There are 2 protein chains.
Amino acid sequence: MSNKILEIQSRHTLIKELVSKQEISNQAQFQKLLKQNGIKVTQATLSRDLNELGIIRVPAPNGFFYKINTSGEQSVLRSRLSEEIISIDHNETLIVIRTFPGRAQGVAIVLDQSNSTEILGTVAGDDTIIVIPRSNKNIKNSLEYIKIILGIN
Amino acid sequence: MSNKILEIQSRHTLIKELVSKQEISNQAQFQKLLKQNGIKVTQATLSRDLNELGIIRVPAPNGFFYKINTSGEQSVLRSRLSEEIISIDHNETLIVIRTFPGRAQGVAIVLDQSNSTEILGTVAGDDTIIVIPRSNKNIKNSLEYIKIILGIN
DNA sequence: TTAATATTTGCATAATTATGCAAGTTTATG
DNA sequence: CATAAACTTGCATAATTATGCAAATATTAA
């Protein structure tokens, strides 16, 4: 039958539902829950699914539990990101990004999570981001890098 | 050896620095990097450290890498100031301090209240502090001063 | 439709991470 | 100071997750 894609999609959907509704601490437990919902897979498949979905295992004071990795969504958001930006400017030492009202924090997070050596750090207000470049000497490089990250041509 | 706590703190500091500066994909690699920086621990200790610090292993298209768990306030309570700090960096004109999520304001207050002539002022966001030094010429001094204030060796 | 190509999955196992326990240290208490 | 309690670490290994490979299934192209 050719409903394989739907089968995988619904399994993924169930996995996401489960992970958001209860604290699951390992894949064996996960597997069991899937089975209770009528879906039988091996631990191997589950491992692959979790990685594809960006579902990660985080430590907590009382053990571990799985959760959806929020920073993995940035690539999805990136397409709309450029629409939130009004301008990117700089002087000899700083880069300043102006955004639409209330969007600075969200844009800054993307820059932070890019983990670039070009960027020492950012501080965001409501509609303005200050970016500290690695060095004042090649601030143009940092600027180029930022534009790429934010999907601006 | 009498100062165990400092030993642990500085190891944690190094771990945080390493994880924020490069893509580390497993604990063996981590262990090696620590060793190159003069710190020898077993994989077991590293595993415990990473869980305490809320550093997690996330899947990426090209493998895995460790990162600081940004969403996790459920990570172990940190009472010491230096434990809230991920890295301290600088370029020619500014010093940038990265902290755990939501901790920048608290750390910045300590710097502000130190009333140092080395520091003109600070601006803190959620997890980043920008420190403006008295002068660009002796920024290294300011850096040293900050590390002392924050109890980082 | 058929052949070629690609995808998905399980199995077995490799790779990696977590942890019980005991030894050694440090800190707290009387 | 002496002793107890608490903490840290390594060792050995348990627990858990990732993956190479082959078989089965699905998709694409002709």
Side-chain angles (χ1 to χ4, degrees), chain A residues 1-15 18-19 22-35 37-69 72, chain B residues 1-15 18-19 22-35 37-69 72 74-80 82-83 153:
Chain A
M1 291 301 270
S2 76
N3 49 1
K4 193 69 184 178
I5 292 177
L6 287 184
E7 184 188 322
I8 295 174
Q9 275 182 358
S10 71
R11 189 179 69 231
H12 283 190
T13 300
L14 177 57
I15 287 174
L18 288 173
V19 82
Q22 49 199 292
E23 297 205 346
I24 304 170
S25 60
N26 60 51
Q27 293 180 9
Q29 186 186 350
F30 228 131
Q31 196 178 7
K32 203 167 151 188
L33 289 169
L34 284 175
K35 195 175 173 186
N37 286 71
I39 292 184
K40 265 177 75 172
V41 285
T42 58
Q43 174 269 325
T45 298
L46 194 45
S47 170
R48 292 175 181 120
D49 281 352
L50 294 176
N51 287 343
E52 283 167 19
L53 295 170
I55 292 174
I56 56 181
R57 195 172 187 242
V58 300
N62 48 346
F64 296 83
F65 67 94
Y66 280 91
K67 81 185 262 299
I68 293 173
N69 180 13
Chain B
M1 253 317 179
S2 159
N3 232 330
K4 197 67 182 180
I5 292 177
L6 286 184
E7 185 188 321
I8 294 174
Q9 272 182 216
S10 71
R11 187 179 70 232
H12 282 190
T13 300
L14 177 56
I15 287 173
L18 287 173
V19 81
Q22 50 197 292
E23 297 206 345
I24 303 171
S25 61
N26 60 49
Q27 293 180 9
Q29 186 187 351
F30 229 131
Q31 196 179 7
K32 204 166 153 189
L33 288 170
L34 285 175
K35 194 174 173 187
N37 286 72
I39 292 185
K40 264 177 75 172
V41 285
T42 57
Q43 175 268 324
T45 297
L46 195 45
S47 171
R48 292 176 181 121
D49 282 351
L50 294 176
N51 287 343
E52 283 168 19
L53 295 171
I55 292 174
I56 56 181
R57 194 172 187 243
V58 300
N62 46 347
F64 296 83
F65 67 95
Y66 281 91
K67 83 186 255 300
I68 291 171
N69 182 13
Q74 75 285 341
S75 63
V76 180
L77 183 69
R78 291 176 296 276
S79 56
R80 291 170 194 286
S82 67
E83 293 283 298
N153 21 13

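Letters A, B, ... mirror the listed sequences (proteins, then strands); counts begin at 1. The structure displayed is predicted, hence computed values, not measured ones.
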Taking only distance into account, with no hydrogens and no angle test, what donor-acceptor pairs under 3.5 Å do side-chain atoms of residues 49-60 of chain A form with protein atoms, sequence neighbours excluded?
| unit_1 | atom_1 | unit_2 | atom_2 | d |
| --- | --- | --- | --- | --- |
| A/Asp49 | OD1 | A/Arg11 | NH2 | 3.1 |
| A/Asp49 | OD1 | A/His12 | NE2 | 3.0 |
| A/Asp49 | OD2 | A/Arg11 | NE | 2.6 |
| A/Asp49 | OD2 | A/Arg11 | NH2 | 3.0 |
| A/Arg57 | NE | A/Ser25 | O | 3.0 |
| A/Arg57 | NH2 | A/Ser25 | O | 3.2 |

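- Here the CD atom belonging to B/Gln43 is positioned 5.0 Å from the CD atom belonging to B/Gln27, to the nearest 0.5 angstrom.
- At least one side-chain heavy atom of B/Ile15 sits under 4.5 Å from a side-chain heavy atom of B/Phe30.
- At C/dA15, none of the side-chain N or O atoms of B/Gln27 fall inside 4.0 Å of OP1 or OP2 (strictly under the cut-off).
- Looking only at side-chain heavy atoms (C-beta outward), B/Leu34 and B/Gln31 stay at 4.5 Å or farther from each other.
- The residue A/Arg48 sits close to a base: some heavy atom pair falls under 4.0 Å.
- In this structure, A/Phe30 reaches neither bases nor backbone, as no heavy-atom distance under 4.0 Å exists between it and the strands shown.
- The CD1 atom of A/Ile24 sits 11 Å away from the P atom of D/dT17 (whole-angstrom rounding).
- The separation between A/Leu50 atom CG and D/dT17 atom C1' is 10 Å, rounded to whole Å.
- Here the P atom of nucleotide D/dT17 and the CD1 atom of A/Ile55 are 13 Å apart, to the nearest Å.
- If you take CG of A/Asn51 and P of C/dT8, they are 15 Å apart, rounded to a whole angstrom.
- B/Gln29 places its CD atom 13 Å from the C1' atom of C/dT16, with the value rounded to the nearest Å.
- DNA chain D is contacted by both B/Leu46 and A/Thr45; B/Leu46 maps to the nucleotide lying nearer its 5′ end (nearest heavy atom per residue).
- Considering only side-chain atoms of B/Asn26, the nucleotide from D/dC11, C/dT17, D/dA18 that sits closest is C/dT17.
- By the side chain to side chain contact (heavy atoms under 4.5 Å, CB included) test, A/Ala28 pairs with A/Asn26, sequence neighbours left out.
- Taking atom CD of A/Glu7 as the reference point, atom P of D/dT27 lies 11 Å away to the nearest angstrom.
- One atom, CD of B/Gln43, and another, C1' of D/dA15, lie 12 Å apart when rounded to the nearest Å.
- Comparing C/dT9, C/dT17, D/dG10 by their nearest atom to the side chain of B/Ser47 picks out C/dT17.
- If you check every strand for non-hydrogen atoms under 4.0 Å, A/Ile8 touches sugar and phosphate atoms only.
- Between A/Thr42 and B/Ser25, it is A/Thr42 whose nearest contact on DNA chain C lies nearer the 5' terminus.
- Each of B/Arg57 and B/Val41 was matched to the nucleotide of DNA chain D holding its nearest heavy atom; the match closer to the 5' end belongs to B/Val41.
- Rounded to whole Å, atom P of C/dT9 lies 13 Å from atom CD of A/Gln31.
- Residue A/Tyr66 has a polar side-chain atom (N or O) positioned under 4.0 Å from OP1 or OP2 of D/dT17.
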